[in-house]
Amino acid sequence: MDRPTLPKGTRDFGPAVMAKRQFIFQTIRSVFERYGFLPLETPAMENLSTLTGKYGEEGDQLLFKVLNSGDFLKEADEALLSSRDSRRLTPVIAEKGLKYDLTVPFARYVVMNRHEITFPFKRYQIQPVWRADRPQKGRYREFYQCDADVIGTDSLVCEAEIILMIRDVFAKLGILTYSIKINHRGVLAGLARLAGAWNQEGALFVAIDKLDKIGEDGVKTELINRGFSPDALTDLFSVLHAKGTNPEKLALLRNKLGNHEAALASIADLEKVFDLVNLLGGDDAPVELDISLARGLSYYTGCIFEVKIQGVGGGSVSGGGRYDNLTAVFDAKEKSSGVGFSFGVDRLFDAMEELNLFPEETQRSSQVLVCHLDEDCQRYGLKVVQSLRSQGIAAEIYPDSSKMKKQLEYADKKKIPFAAVIGSDEMKSGVLAVKNLKTGEQHLQTLEQLIALLKPVHKP
RNA sequence: GUGAAUGUAGCUCAGUUGGUUAGAGCAUCAGAUUGUGAUUCUGAGGGUCGCGGGUUCGAGUCCCGUCUUUCACCCCA
């Protein structure tokens, strides 16, 4: 019999890892809720027709398809079957697929429930998504996204609040060295015009997005190979070279792209976003206007963001942007503008592990272990542990009558900070021998004193 | 999807031109210590060498296939 294995790119999460993951989930959830977002969950599976065509050709390839139930080949067309054309056969035998992100199912939900929804609708969603990508560091086939989107308004306050939420989350997680990059599709459109991109916008954006990776020469070579003229590229790079503060970059953009209406409007958008971030947050650090930022799904139409943590590998940990036409894909009458972003929990986890940022408390199963020397002491201890629990203190009692050494080792391994030892002396006197496992100090304390010591302090 | 590496104990890794019974550290368990962990000492358990096939008198070592993980491309959280 073969030993069981996991499908490629999927993982189990044991208790120690889960404690850390929960810390990230709870941090993100609390920030989302503080900004007035409400939770939503959608199914793991969607109809394939809901998913296909929303992520570009590459994305369609990365969708996991779910085979129809029953004897689906019986119904299938004979000629199609013998053609062995997977591309044409798939829609016939697989009508469902695992969701690829949370934004498209959200748009589907909005279109299906528009009469019950109060707009602007702010929802957050924390669920796994699946991509049939080849796994690498920081790239999994099943991973969690934490999305927050606002739909039904084109106000740039939403963009600004997204930036503030990212700052709040990172501050709470203890991540200090990171950058939030921002750009605008209108700016990219202006660049495309400058470069004479005609119908090659996609190729242009893919190339300039690699600027910090392959450098100016690399980008130029790639674009010339794709038929761009060297002269046009000189103009393009005069803009891409923009350095300095965000206002300085904006001034340069205005100067270089000023004759392009869409670009001008997008520059004004970016200015407004920076203005709002400064107003709401005091300053705009660590937001950086990055004119070469061109990532993001095909449906973004306005501002786009990407967040990277410095000094760690594994790609961006968050990204998002504004989309004007996403709901229209499901219903042409539906033309609401939306903006949202997503945290990649698995990448945040990897980065925090690498930077050693998880607080030790995440590994604590409880605050105190009640230890005992015999069965009578355990019976006495059972009442003690219930009293502690009733006071909101996470407490546990060692379930077997084992040697003290074993009980304390158990507390040590589970990172429980205190042990309350009960023997015949303690039962007689009514006090507990409370041992601090970190310092090794031990004092006799009443139950009330122990409760006062461990009672959870009110968190701000 | 294209190209390339990797895999030996729970973990990190040794293992000679192919040669007898595959090793170490850490971890685990037991004892030294029948009311005290994390420090010390003693001992013990733990391996289909990723899996399958081939070459050979003989394979952890060489060859082929496969899976896993990783890296680059593509794309992305």
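By convention in this document, chain letters (A, B, ...) are assigned in the order of the sequence lines, proteins followed by strands, and residues within each chain are numbered from 1.
For residues 215-227 of chain A, the pairs satisfying side-chain hydrogen bond (donor to acceptor under 3.5 Å, both in side chains) are K210(A)-E222(A), E216(A)-K220(A), E216(A)-H241(A), with sequence neighbours left out. Within the structure, the side-chain hydrogen bond (donor to acceptor under 3.5 Å, both in side chains) test picks out no pair touching residues 57-66 of chain A (sequence neighbours left out).
Taking the P atoms as reference points, G23(B) lies 15 Å from G15(B), given to the whole Å. Atom name C1', nucleotides A22(B) and A59(B): the rounded distance is 13 Å, in whole Å.
In terms of phosphate contacts, K405(A) brings no side-chain nitrogen or oxygen within less than 4.0 Å of OP1 or OP2 of U34(B). Proximity of K403(A) to the phosphate of G31(B): a side-chain N or O atom is located under 4.0 Å from OP1 or OP2. Proximity of K406(A) to the phosphate of A30(B): a side-chain N or O atom is located under 4.0 Å from OP1 or OP2.
Ion pairing between a basic and an acidic side chain is recognised when a charged N comes within 4.0 Å of a carboxylate O; E159(A) and R322(A) show such pairing.
The minimum heavy-atom distance between A242(A) and K249(A), with the atom names listed, is O-CE, 3.9 Å.
Regarding H443(A), its NE2 atom lies at a distance of 18 Å from the C1' atom of G35(B), rounded to whole Å.
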**OP:** Summarise protein proximity over nucleotides 67-72 of chain B in one line of letters, 5' to 3': B for base, S for sugar-phosphate only, - for none, counting protein heavy atoms closer than 4.0 Å.
**Re:** -SSSSB

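Note on ring orientation: taking the six-membered ring where Trp is involved, the planes of F341(A) and F32(A) are perpendicular (angle over 60°, cut-offs 30° and 60°).
F143(A) qualifies as a stacking partner of the A77(B) base, centre to centre under 5.5 Å and near-parallel within 30°.
Counting any heavy atom pair closer than 4.0 Å across all strands shown, V206(A) reaches sugar-phosphate atoms only and no base atom.
Taken from CD in Q378(A) to OG in S402(A), the straight-line distance is 9.5 Å, to the nearest 0.5 Å.
RNA chain B is contacted by G344(A), R347(A) of residues 342-355 of chain A, taking any non-hydrogen atom closer than 4.0 Å.
Between the side chain of E426(A) and the base of G35(B), a donor-acceptor pair under 3.5 Å is found.
Every residue was checked against the salt bridge (charged side-chain N to carboxylate O under 4.0 Å, His left out) condition with K383(A), not counting sequence neighbours, and none meets it.
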Collect all protein-nucleotide pairs involving nucleotides 26-28 of chain B in which both atoms are nitrogen or oxygen and the distance is under 3.5 Å.
none

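For the residue pair S401(A) and D374(A), no side-chain donor N or O sits within less than 3.5 Å of a side-chain acceptor on the partner.
No donor-acceptor pair closer than 3.5 Å links the side chain of N325(A) to the backbone N or O of A328(A).
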